[in-house]
Asks: 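Structure provided below as structure tokens; questions to follow.
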Protein chains: 2
Amino acid sequence: MAGEPDGGRASAATRRRGAVLEQAILDAAAEELKESGYSGLTMDRVARRAGTNKNAIYRRWPSRAALAVAAYGRMTVTEARVPDTGELRGDALELLRAANRHLSSPLGRILLDLLASARDDPDLLAEIQARTGGDGLTGMWLTVLGRAVARGEAAPEALHPRVATVPIALLRNELLTRGVTGVPDEVLVEIIDEVYLPLVRGRGPR
Amino acid sequence: MAGEPDGGRASAATRRRGAVLEQAILDAAAEELKESGYSGLTMDRVARRAGTNKNAIYRRWPSRAALAVAAYGRMTVTEARVPDTGELRGDALELLRAANRHLSSPLGRILLDLLASARDDPDLLAEIQARTGGDGLTGMWLTVLGRAVARGEAAPEALHPRVATVPIALLRNELLTRGVTGVPDEVLVEIIDEVYLPLVRGRGPR
DNA sequence: GAGTTTAGGGTACTGTTCGTACCCTAACTC
DNA sequence: GAGTTAGGGTACGAACAGTACCCTAAACTC
């Protein structure tokens, strides 16, 4: 256990305590998740990587899944950027492509695995939802849709969270059944052209 | 190993062979899946229940996941019944409620778990798709939608597989994030009223 | 029928991992 | 300084996937 001075403190404590140790554990878990995914995550390796032992981990998190969720929550990148192509189709495709890239990444895979393993645990599920900022995504789609309504590209009635997030839901459904390869772009285009645009514009005479 | 006469054969063989043994293993695996879900499925217990041992299992299936998929494929019930309420909304709600019941059942849970564990294995994923008769579902929704078009309740352009199956995709998305409790009926109603009906009818002047 | 091959039933083993138990003592509080 | 807490260390038990090896019933071949 190499001496690691407490940041800024004069004393040379040899043992990390409290929040400092917790941070080290979460960092280690995050690294392990990135490298091996959820299924490859082991408590032994997290402990080793954090330079501690399992006791310290289990004192804070009741299970492997709980630790993984906590670590995952620190990994989510907020690269949210609302596109502005000047038209709804362009904006929607950009958003959907970004979501596809994200959900097809190792991070997206981790999320799906966490959702699967937390299925019996409402508290853990709730925590996953809270940490993945699901609502942030809804906000972006509503922004884009709001602009489209203002431009007359979409009907005002379409401004509804469940409507706004249909493409994301369809994307998730595709990922559920496809595996790790990501969703082909043609499918994304189809989702937007065959479902989303007709939905928000009104199907019929186009 | 209790003597179990080969069905119909005059000889009293004490060992089961080939298809008979395979059937016994799959039956045992299906029972274990029903009782303990995928996460609770163990090869030891399947072997014991089938009155055989792991060698016989591994001679046929390369992994636990493969066995589970094969067993699951024999469990799917085909209770497909296309409702006919005389109007699209009623039909769609019936179909969606039936799907919700099914996907919220232990069987639905098993399916989600299998999809999660097969994520790295395209062959297994393909087998899951093949065995769950995903296309049967599409057919029902297209039938219902076709009737609606004929009645003038939906625009002819809406007759598209991806459009027809939007409710199912949205349902799956809900289940992914909710856990085992199933989707509340209000959500089903919202999916149909806020998304599906507007989509197939054309949003705007209603 | 004799000889050979195959696979079923049986047992044991290895390696890994989660979660638990216990020990010693640095660090903290009063 | 005394008492308490939690960090670092080691070890353990149970479970389980997958593998290895053995014996021989059953099937196949000549």
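Every chain is numbered from 1, with letters handed out A, B, ... down the list of sequences. Predicted model only: the values in this text are computed from it and were never measured.
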Asks: Just checking B:Arg48: base, sugar-phosphate only, or nothing, at a heavy-atom cut-off of under 4.0 Å?
Replies: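 No contact.
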
Asks: The side chain of A:Arg64 lies closest to which of these nucleotides: D:dA6, D:dA17, C:dC18?
Replies: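 Selected nucleotide: C:dC18.
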
Asks: I want to verify a distance call: between C:dC28, C:dG9, C:dC18, whose nearest atom is closest to the A:Met43 side chain?
Replies: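 The answer is C:dC18, which lies nearest to the side chain.
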
Asks: Need one value for A:Leu41: base, sugar-phosphate or nothing, where a base atom within 4.0 Å counts as base even if backbone is also close, heavy atoms only.
Replies: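 Sugar-phosphate: the residue A:Leu41, judged by heavy atoms under 4.0 Å, touches backbone atoms but no base.
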
Asks: Relative to the 5' end of DNA chain C, which residue comes earlier, B:Ala56 or A:Ser63, by the nucleotide with the nearest heavy atom?
Replies: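 Checking each residue's closest nucleotide, the 5'-ward one belongs to B:Ala56.
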
Asks: Pick the nucleotide of DNA chain C nearest each of A:Asp44 and A:Asn53; which residue has the one closer to the 5' end?
Replies: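 Nearest-nucleotide comparison on DNA chain C picks A:Asp44.
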
Asks: Choose from D:dA17, C:dG9, D:dG8 the nucleotide whose nearest atom is closest to any side-chain atom of B:Leu21.
Replies: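 Side chain of B:Leu21 sits closest to C:dG9.
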
Asks: Report yes if a donor N or O on one partner sits less than 3.5 Å from an acceptor N or O on the other, where the partners are the side chain of B:Arg17 and the base of C:dT6; otherwise report no.
Replies: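 Yes.
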
Asks: Select one nucleotide: of C:dC24, C:dC18, D:dA17, the one nearest the side-chain heavy atoms of B:Tyr58.
Replies: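 Closest nucleotide among those given: D:dA17.
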
Asks: Please determine, for the side chain of A:Arg45, which listed nucleotide (C:dT17, D:dG8, D:dA17) has the closest atom?
Replies: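 Comparing C:dT17, D:dG8, D:dA17 against the side chain of A:Arg45, the answer is C:dT17.
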
Asks: Nearest to the B:Thr52 side chain among D:dT19, C:dG9, D:dG7, which nucleotide is it?
Replies: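 Out of D:dT19, C:dG9, D:dG7, the nucleotide with an atom closest to B:Thr52's side chain is C:dG9.
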
Asks: Has the side chain of A:Arg59 got a donor or acceptor that lies under 3.5 Å from a partner of the other kind on the base of D:dG7?
Replies: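 It does, because a donor-acceptor pair links the side chain of A:Arg59 to the base of D:dG7 below 3.5 Å.
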
